[in-house]
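Heads up: the structure comes next, in structure tokens.
Order of listing sets the numbers, starting from 1, for every ligand and every atom in it. We number each residue from 1, following the sequence as shown.
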Amino acid sequence: MSKEPNHFEISKHKDYLYVIKENISLVHPEFTNDPLNIYLLLGSQTALLLDTGCGLSPLKPIVDELIGKRKLLVFNTHYHWDHPLGNVEFGEVYIHENEVKLVSNPYDVSYFKDFTNEIVKVYAEQNFIIPPADVIKPLKDGDNFDLGEIEVEVIHCPGHSAGSICLLTSTGELFTSDVAYYGDQFLPKKEDFPIVLNSLSKLITLCKKQEIVEIYPSHSQYPCDTTLLTDLYNGIVNIQNLWNKKEPFDFFEAWVIDDKKFRYFIARG
Ligand SMILES: [Zn+2]
């Protein structure tokens, strides 16, 4: 692994919340959603690490120092490469049941083979096959975890991927993973937009009901307010009206549409 000392940027956002940032554009500049936000929640008994990042530099020593004597739970928000590739450093990792299989096997990143960036050598040294954690455990919608003075609830939000999850805390944060952030959006094929919209409207309803105002996405700026969810919902609904403006974007095998608020990459399917 890279021994680059400042690979991660660590900041204490609240007494019980750290953000560990990793720049994914280091791998290739087309990955524009910097930074990836890895969140570390500190309950009185247990800490929860949300994602393990790109697997480019040791993460566990940093986490161990921040959590002190607490037990550690590790979740992946979903299986896409920038979120679970540090799993091997941790013995046991939870992910939604739809994606357990995907992260239980060695993770093939050979699509980075032609990239020339220095950091990609970390993957090349492993022949572009990144080992998994020893144990992968399933999460499902409604699962609850008590960290001691903070409880978290798992909310299944398929669309960005089949097993994407968000987390709601008893302290009033909503972690939206890659389901909602300001930046380039990766969407499934157009026929599956209702799945994405359904997940977003579930979150919008939840925020109203629980009076949640703080949203912590897995990419770019945080915290955001709930306008993020409605902006994204309305933007995706409006894609239909912009459909004749779509351009091919071969790097991601997608169509791209820009509406000034978001740039959408839509799977060609
Ligand atoms: Zn991501």
Worksheet item: Is the CD atom of Glu92 crowded by more than 12 outside heavy atoms at less than 6.0 Å?
Response: yes

Item to complete: Taking atom NZ of Lys14 as the centre, report whether more than 12 heavy atoms of other residues, nucleotides or ligands fall under 6.0 Å from it.
Response: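 Count over threshold, so yes.
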
Salt bridge (Lys or Arg N to Asp or Glu O under 4.0 Å) partners of [X], counting only residues at least two apart:
{"X": "Asp64", "result": "Lys60"}
{"X": "Lys189", "result": "Asp192"}
{"X": "Lys261", "result": "Asp231"}

Discussion item. Taking the basic N atoms (NZ, or NE/NH1/NH2) and the acidic carboxylate oxygens, is any pair closer than 4.0 Å for Arg268 and Asp250?
Written reply: yes

Worksheet item: Under 2.8 Å from the Zn ion (ligand 1), protein N/O/S atom count?
Response: 4

